[in-house]
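In the text below, chain A, chain B and the rest are named by the order of the sequence lines, each starting its count at 1. Computed from heavy atoms alone, side chains included, the values below leave out hydrogens, waters and symmetry copies.
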Amino acid sequence: AQSVAQPEDQVNVAEGNPLTVKCTYSVSGNPYLFWYVQYPNRGLQFLLKYITGDNLVKGSYGFEAEFNKSQTSFHLKKPSALVSDSALYFCAVINTDKLIFGTGTRLQVFP
Amino acid sequence: DSGVTQTPKHLITATGQRVTLRCSPRSGDLSVYWYQQSLDQGLQFLIQYYNGEERAKGNILERFSAQQFPDLHSELNLSSLELGDSALYFCASRGPYNEQFFGPGTRLTVL
């Protein structure tokens with residue numbers, strides 16, 4: 001069965017520092033991977049996706065993600081964190097057309 | 001703004017009652033997905049419709065049902081409500097590259 005794991009419940013980073021939110025996947029076949037962000041009292045916003053092609057995927061708000069097949073990882077990154085990036089981040093994988101989500105990682109960026 | 005609309009934003013009701021949640025997908029999107037987000041279960045897929053027909057079912061209780069109408073809007077019906085049904089309910093529609101765009105959600109509180 002397709003699944004993703006987010007090993008960290010929370011990530012803390014100082015503003016201006018690079019950030020990484022980790023995700024590993026377990027899929028049969030080629031993975032379709034996604035990152036979503038959820039701000040307080042808001043819906044999920046699509047950040048980026050990996051379908052095929054370049055391993056480094058660029059998305060919204062300066063975020064990018066690196067697909068690593070050998071490590072079965074799809075970590076979300078940003079070179080310089082902003083306080084406004086503080087939110088809940090979800091990694092997801094497509095399974096027969098529906099999204100299977102990880103448990104989420106809360107990102108806290110401190111000024 | 002994802003282009004997916006959901007009403008109502010908040011719903012407060014009592015145990016045993018029945019409620020209807022409404023969703024309109026983005027213009028041109030034929031698929032509607034329903035997800036439930038709760039503290040203990042995380043984000044879970046409930047059900048998918050495509051152009052009026054049910055396509056996939058996830059962890060949807062028998063007390064819950066959904067339908068998609070000819071104008072492509074969808075309704076999720078929740079009956080015999082229990083305290084544990086309190087959650088955020090999201091709908092999403094699918095873009096051309098399998099990404100899903102989420103509505104703002106309906107927060108259901110069962111008292």
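- In this structure, the portions of A:Leu44 lying under 4.5 Å from any heavy atom of chain B include both its backbone and its side chain.
- The part of B:Tyr35 that comes within reach of chain A is its side chain, from C-beta onward, which places non-hydrogen atoms under 4.5 angstrom from that chain.
- You'll find the ring centres of B:Phe101 and A:Tyr36 outside the 6.0 Å limit.
- A:Phe101 has its ring centre no less than 6.0 Å from the ring centre of B:Phe45.
- With a threshold of 4.5 angstrom between heavy atoms, A:Gln45 does not approach chain B through any atom at all.
- With a 4.5 angstrom heavy-atom cutoff, A:Lys49 touches chain B only via side-chain atoms.
- Only the side chain of B:Arg107 has a heavy atom closer than 4.5 Å to any heavy atom of chain A.
- A donor-acceptor pair is defined here as one N or O able to donate and one able to accept, closer than 3.5 Å; such a pair exists between the side chain of B:Asp1 and the backbone of B:Gly3.
- Proximity to chain A (any heavy atom under 4.5 Å) is restricted, for B:Gln48, to the side chain, taken from C-beta onward.
- For B:Gln44, no part lies near chain A; criterion is any non-hydrogen pair under 4.5 Å.
- At least one donor-acceptor pair under 3.5 Å links the side chain of B:Ser74 to the backbone N or O of B:Gln67.
- Note on A:Arg106 versus A:Glu8: no salt bridge recorded, every NZ/NE/NH1/NH2 to OD/OE distance being 4.0 Å or above.
- Taking the six-membered ring for Trp and thresholds of 30 and 60 degrees, A:Tyr50 and A:Phe67 have nearly parallel ring planes, at less than 30 degrees apart.
- When heavy atoms are compared at a cutoff of 4.5 Å, A:Leu99 approaches chain B by way of both its backbone and its side chain.
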